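See structure below.
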Amino acid sequence: MTTQRVLPQSKETLLQNYNKRLKDDIRSIMDNFTEIVKTAKIEDETQVSRPTQAEQDHYEMHVRAANIVRAGESLMKLVSDLKQFLILNDFPSVNDAISLQNQQLRSLQEECDKKLMSLRDEIAIDLYELEEEYYSSRYK
């Protein structure tokens with residue numbers, strides 16, 4: 001039941017760019033997280049002393065955590081860009097909303113017109129009765 005719309009080339013390219021950014025950012029998060037977990041393992045023998053190795057691991061974890069945060073912020077920016085793309089390029093839903101509002105306003109206009117016509121008729125009848133009374137009165 002889903003209908004696929006044909007997008008212009010620029011929009012298609014933009015969507016492919018969004019997809020690539022999504023994959024790259026998720027891959028970055030996964031790779032950095034995997035490397036943090038690997039760094040957390042304690043190795044038995046290394047050529048570097050333990051305090052030096054610990055400091056190096058600490059620095060590497062900070063850098064990788066910063067990379068994860070950067071990728072997360074990039075994903076949030078991507079979500080914002082996608083929302084903006086949807087708002088600016090979703091013409092069918094915008095047109096539907098405008099049509100619905102037009103229909104509601106037209107029905108309100110018709111209702112007001114009917115009430116005004118009814119009020120006009122009642123005032124005309126009352127005015128006619130008042131004129132009859134005035135012209136038939138002996139106190140003119």
Side-chain angles (χ1 to χ4, degrees):
M1 282 283 189
T2 61
T3 58
Q4 243 183 347
R5 288 179 279 180
V6 177
L7 295 173
Q9 187 64 29
S10 63
K11 290 181 184 177
E12 188 66 35
T13 305
L14 189 60
L15 289 176
Q16 288 173 352
N17 183 26
Y18 288 156
N19 197 18
K20 181 183 179 310
R21 283 174 50 192
L22 174 68
K23 288 179 181 178
D24 290 346
D25 289 337
I26 289 176
R27 186 178 315 111
S28 174
I29 289 173
M30 290 296 296
D31 291 345
N32 283 296
F33 185 75
T34 303
E35 290 300 318
I36 286 175
V37 170
K38 285 181 185 176
T39 305
K41 291 182 182 178
I42 298 174
E43 296 179 15
D44 292 334
E45 291 290 324
T46 59
Q47 293 180 356
V48 183
S49 67
R50 261 191 206 271
T52 306
Q53 185 64 40
E55 193 61 36
Q56 181 181 349
D57 292 347
H58 183 258
Y59 177 72
E60 183 180 349
M61 285 183 184
H62 271 82
V63 169
R64 293 199 178 276
N67 287 341
I68 289 173
V69 169
R70 184 210 48 80
E73 288 174 347
S74 178
L75 285 173
M76 290 173 57
K77 173 74 171 120
L78 178 63
V79 168
S80 174
D81 290 348
L82 285 170
K83 287 179 181 179
Q84 183 178 7
F85 175 82
L86 183 63
I87 289 170
L88 294 177
N89 295 308
D90 193 15
F91 294 117
S93 67
V94 171
N95 288 340
D96 290 345
I98 290 171
S99 296
L100 179 64
Q101 187 174 15
N102 280 342
Q103 185 180 16
Q104 290 171 343
L105 290 174
R106 285 181 204 234
S107 65
L108 180 64
Q109 179 185 6
E110 289 173 8
E111 186 180 323
C112 288
D113 286 347
K114 287 178 184 177
K115 287 180 181 179
L116 284 172
M117 294 289 226
S118 172
L119 192 59
R120 182 197 67 183
D121 293 343
E122 289 176 18
I123 290 174
I125 292 170
D126 290 343
L127 183 60
Y128 180 77
E129 290 174 359
L130 286 171
E131 286 177 347
E132 284 287 317
E133 186 68 32
Y134 176 76
Y135 291 122
S136 65
S137 170
R138 58 182 186 170
Y139 297 109
K140 304 195 230 187

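Please read these numbers as outputs of a predicted model, since none were measured by experiment. Just so it is clear, the values below take in all heavy atoms, side chains as well, and ignore hydrogens, waters and symmetry mates.
Listed by chain and residue number, Asp24 satisfy the side-chain hydrogen bond (donor to acceptor under 3.5 Å, both in side chains) test with Lys20 (two or more places apart in sequence, or in another chain). Every residue two or more places apart in sequence or in another chain that forms a side chain to side chain contact (heavy atoms under 4.5 Å, CB included) with Arg70 is listed here: Asp25, Ser28, Ser74. Considering only residues two or more places apart in sequence or on other chains, Glu35 meets the salt bridge (charged side-chain N to carboxylate O under 4.0 Å, His left out) condition with Lys38. The side-chain hydrogen bond (donor to acceptor under 3.5 Å, both in side chains) search around Glu55 returns none, not counting sequence neighbours.
Counting heavy atoms from C-beta outward, Glu73 and Val69 have side chains that approach closer than 4.5 Å. Leu75 places a side-chain heavy atom less than 4.5 Å from the side chain of Ile29. Between Lys115 and Glu111, the closest side-chain pair of non-hydrogen atoms falls below 4.5 Å.
One finds the CD1 atom of Ile68 at 5.0 Å from the CG atom of Asn32 (value rounded to the nearest 0.5 Å). Remark: Glu131 CD to Asp126 CG distance equals 11.5 Å, nearest 0.5 Å. Taking CG of Leu82 as the start and CG of Leu14 as the end, the distance is 8.5 Å to the nearest 0.5 Å. With values rounded to the nearest 0.5 angstrom, Ile98 atom CD1 is found 14.0 Å from Gln103 atom CD. Between atom OG of residue Ser107 and atom CD of residue Gln109 there is a gap of 9.5 Å, rounded to the nearest 0.5 Å. A distance of 11.5 Å separates CG in Leu78 from NZ in Lys83, rounded to the nearest 0.5 Å.
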Are Thr13 and Ser10 close enough, and set up right, to give a side chain to side chain donor-acceptor pair (under 3.5 Å), and what steps lead you there? CA-CA 5 Å; Thr13 305; Ser10 63; over 6 Å; no
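Considering every non-hydrogen atom in both Met61 and Ile36, the closest pair reads CE-O, 3.9 Å.
A salt bridge between Glu110 and Arg106 is absent, with no side-chain N of the basic residue lying under 4.0 Å from a carboxylate O of the acidic one. A salt bridge links Arg21 to Asp81: at least one charged side-chain nitrogen sits closer than 4.0 Å to a carboxylate oxygen.
Looking only at distances, a side-chain donor or acceptor of Thr34 sits under 3.5 Å from a matching main-chain atom of Met30.
Every pair passing ring-ring contact (aromatic ring centres under 6.0 Å, His included) that includes a residue from residues 25-59 is listed here, sequence neighbours excluded: His58-His62.
Ile26 and Met76 fall into different hydrophobic clusters, where Ile, Leu, Val, Met, Phe, Trp and Tyr side chains are chained together by heavy-atom contacts under 4.5 Å.
Side-chain heavy-atom separations under 4.5 angstrom define the hydrophobic clusters, and Leu100 shares its cluster with no other residue.
Counting heavy atoms of neighbouring residues, nucleotides and ligands inside a 6.0 Å radius, atom CD of Gln101 does not exceed 12 of them.
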